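Each remark here refers to the structure printed beneath this line.
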Amino acid sequence: MSEAIVITDSRSGSTARVAPELGFNCFEFHSHVLERVVDVLDSSPRFLEGRDKPSHHGIPLLFPFPNRIRGGRFTWNGREYRMTPQQAAFDPTGNAIHGFCLDRPWRVTERDENFVTGQFQLSRDASARRELWPADFLIEVRYEVRAATLRADVRIANPGDEPLPWGFGTHPYFKVPLGPDSQAGRCLIQVPASEAWELSRCLPTGRRMPVPEDKDLRDGEYFGSVRLDDVLTDLEPVGEIVECVIIDEHEGLQVAQRFPSLFREVVVYTPPERNAVCLEPYTCVTDAVNLDPQGVDAGWRVLEPGGEFQMWIEIEAGLVIV
C-alpha cells in the first residue's frame with residue numbers, strides 16, 4: 001500500500017492528502033467553511049492500495065498530453081511516434097490516453113505543514129517511455145492548502161536539447177452533493193463555455209460549434225438532468241480568470257475551481273453510476289498533436305530547450321454567493 005502525505009492549514013483545519021507513488025495524485029481535500037467540513041474530491045477508499053485505475057479518482061495530472069491521441073500515433077518534425085498499450089495507458093477503443101505521469105511515482109522535493117512539491121522527469125522517472133515523446137520534460141507541482149482553498153502551482157521545464165511539444169490538464173473528480181442532507185441531482189454545474197468541439201468517438205473532428213442547448217452550462221444545469229462527456233471551449237473569463245462552479249442550493253455551499261484563461265478547454269464528464277462530476281481544465285483540446293499540423297487552432301504548445309512555463313489552479317469551497 002502506498003503512503004499519503006497530509007498537508008494542513010493549521011488556522012482553518014482544512015487538509016489534503018497527496019499520494020506521490022500514485023502519480024502525485026491529490027485524492028482528498030477536506031475544506032473547512034466556518035463550522036462545516038466539505039469533502040470536495042471523490043476517490044475510492046481503496047485508492048492507496050493501488051488497485052484502481054489512477055485516472056478514476058482524485059486529481060489525476062495529465063502530461064505531456066491531456067485526454068487522447070488517436071491510435072497512439074502522431075508525427076513530429078518529420079518523425080512518426082507510435083505508442084502501444086504495453087508502453088502507455090490506452091482507452092478501450094485503441095487511443096493513448098492521459099499522458100505519462102499519472103500512473104508512475106513522483107519524487108517529493110520539498111514539504112512543510114501546509115504544502116508539498118513533487119517532480120517527474122520523463123528520462124529519470126519513466127525512462128522506458130522516453131522514446132515515445134520528441135523531447136525530455138520535467139513537470140513540477142506544488143500543492144498548498146490555504147484556509148478553504150487547495151492551490152496547485154505547476155511548472156513545466158524543458159531540460160533537453162530538442163523543442164518540447166506539450167499540453168497539460170487535470171482530471172478532478174468533484175463529489176456531489178456537498179453535504180449529508182442534500183441530493184446529488186439537485187446540485188448545479190456551471191461552466192462559462194459558449195462553444196463545444198464536435199466529437200466522434202471521443203475524438204475531435206476539428207470543428208467547433210455553438211454549445212448544444214442540453215449541454216449549455218453557462219447558467220447552470222442540475223447534475224441529475226445531464227449526462228456529459230464533452231469538450232467545451234470559448235470560455236468567458238472574468239478579468240483573466242475562468243471559474244467553474246458546483247452549487248448545492250440545499251446546503252448553501254459551493255465549490256469553485258479557478259484558473260487563468262491560458263486553459264482554453266474544459267472537459268465535463270459525469271462518470272456512470274457515481275455521484276461525481278469532472279470539470280477538467282486543459283491547455284489544449286484532445287488529440288491536439290494531430291490536429292495542429294492540420295491547421296486547427298488546437299492550443300498545442302512548444303517549449304524551447306531550457307525554457308519554462310508556469311500556471312496554477314485553485315479549488316475553493318465556500319458559501320453560495322447570491
Side-chain angles (χ1 to χ4, degrees), residues 1-33 37-50 52-64 66 98-122 124-126 137-157 159 168-175 255-260 263 278-281 308-317:
M1 177 179 289
S2 299
E3 293 187 5
I5 291 177
V6 180
I7 53 176
T8 304
D9 178 68
S10 58
R11 295 186 64 180
S12 67
S14 296
T15 64
R17 290 204 294 165
V18 179
E21 293 292 316
L22 300 173
F24 206 66
N25 188 314
C26 182
F27 65 97
E28 180 181 279
F29 176 40
H30 289 166
S31 178
H32 285 231
V33 180
V37 179
V38 182
D39 189 2
V40 176
L41 299 174
D42 189 54
S43 62
S44 167
R46 304 181 306 277
F47 178 72
L48 286 176
E49 297 177 10
D52 298 311
K53 284 189 175 182
S55 60
H56 289 185
H57 307 274
I59 308 179
L61 300 169
L62 317 180
F63 191 79
H98 292 335
F100 302 146
C101 304
L102 83 169
D103 60 348
R104 290 292 186 271
W106 288 43
R107 289 169 287 109
V108 175
T109 58
E110 191 178 10
R111 62 182 291 189
D112 205 338
E113 179 185 44
N114 74 322
F115 76 87
V116 61
T117 302
Q119 286 187 356
F120 181 98
Q121 184 170 347
L122 182 60
R124 176 176 177 178
D125 300 302
F137 63 75
L138 183 142
I139 176 171
E140 178 181 87
V141 175
R142 182 183 192 269
Y143 275 117
E144 180 178 356
V145 177
R146 303 175 183 173
T149 300
L150 174 69
R151 179 180 172 100
D153 286 288
V154 182
R155 180 172 70 93
I156 309 299
F168 173 76
T170 67
H171 195 320
Y173 288 77
F174 293 105
K175 281 188 176 182
V255 170
Q257 181 175 224
R258 304 183 185 97
F259 42 86
F263 288 92
C278 299
L279 303 175
E280 310 170 34
E308 292 191 356
F309 192 91
Q310 299 185 36
M311 51 199 149
W312 58 268
I313 300 172
E314 289 186 347
I315 296 170
E316 180 183 19

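Any value given below was found using the heavy atoms of this structure, including those in side chains, with hydrogens, waters and symmetry copies removed. Values in this document were obtained by computation on a predicted structure and should not be read as measured data.
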Please examine the side chains of [Y] and [X], heavy atoms only from C-beta on, and report whether any two atoms are closer than 4.5 Å.
X: Gln121; Y: Pro159; answer: yes
X: Leu138; Y: Arg155; answer: yes
X: Lys175; Y: Asp42; answer: yes
X: Leu62; Y: Leu102; answer: yes
X: Glu140; Y: Thr117; answer: yes

Closest heavy-atom contact between [X] and [Y]?
X: Ala147; Y: Val145; answer: O-CG1, 4.0 Å
X: Gly50; Y: Leu22; answer: CA-CD2, 4.3 Å
X: Phe47; Y: Ala19; answer: CE2-CB, 4.1 Å
X: Val40; Y: Ala317; answer: CG2-CB, 4.4 Å
X: Tyr143; Y: Leu61; answer: OH-CD2, 3.8 Å
X: Asp103; Y: Pro54; answer: CB-CG, 3.8 Å

Which distance, rounded to the nearest 0.5 Å, do you find between the [atom1] of [X] and the [atom2] of [Y]?
X: Arg17; Y: Thr8; atom1: CZ; atom2: OG1; result: 11.0 Å
X: Arg142; Y: Arg151; atom1: CZ; atom2: CZ; result: 9.0 Å
X: Ile156; Y: Met311; atom1: CD1; atom2: CE; result: 4.0 Å
X: His57; Y: Cys26; atom1: NE2; atom2: SG; result: 14.5 Å
X: Phe263; Y: Phe168; atom1: CZ; atom2: CZ; result: 5.5 Å
X: His171; Y: Glu280; atom1: NE2; atom2: CD; result: 4.0 Å

Report the C-alpha distance between Gln119 and Arg124 in whole Å, list the side-chain angles of each, state the deciding distance to 0.1 Å, and finish with yes or no for side-chain contact (heavy atoms from CB on, under 4.5 Å). CA-CA 10 Å; Gln119 286 187 356; Arg124 176 176 177 178; 6.0 Å; no
Run the side-chain contact (heavy atoms from CB on, under 4.5 Å) test on Val18 and Val108 for me, step by step, so that the C-alpha distance in whole Å, both residues' side-chain angles and the decisive distance to 0.1 Å come before the verdict. CA-CA 11 Å; Val18 179; Val108 175; over 6 Å; no
Just by distance, do the side chain of [X] and the backbone of [Y] share a donor-acceptor pair under 3.5 Å?
X: Ser14; Y: His32; value: yes
X: Ser43; Y: Phe27; value: yes
X: Gln257; Y: Leu279; value: yes

Whether Phe137 and Phe63 hold their rings parallel, tilted or perpendicular, with breakpoints at 30° and 60°: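 Rings of Phe137 and Phe63: perpendicular, over 60°.
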Any idea how Trp106 and Phe24 line up, ring-wise: parallel (<30°), tilted (30 to 60°), or perpendicular (>60°)?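 It falls in the parallel class, under 30°.
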Can Trp312 and Val154 be said to form a side-chain contact (heavy atoms from CB on, under 4.5 Å), step by step? CA-CA 6 Å; Trp312 58 268; Val154 182; over 6 Å; no
Residue Arg46 excluded, over 12 heavy atoms near CZ under 6.0 Å: no
Could you give me the CA-CA distance, side-chain angles and deciding distance for Ile313 and Thr170, then say whether side-chain contact (heavy atoms from CB on, under 4.5 Å) is met? CA-CA 9 Å; Ile313 300 172; Thr170 67; 3.7 Å; yes
Determine, for Asp125 against Arg104, whether the closest basic-nitrogen to carboxylate-oxygen distance falls under 4.0 angstrom.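 Salt bridge flag = no for Arg104 with Asp125.
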Passing option when Asn114 is tested against Arg146, Glu144, Arg11 for side-chain hydrogen bond (donor to acceptor under 3.5 Å, both in side chains): Glu144
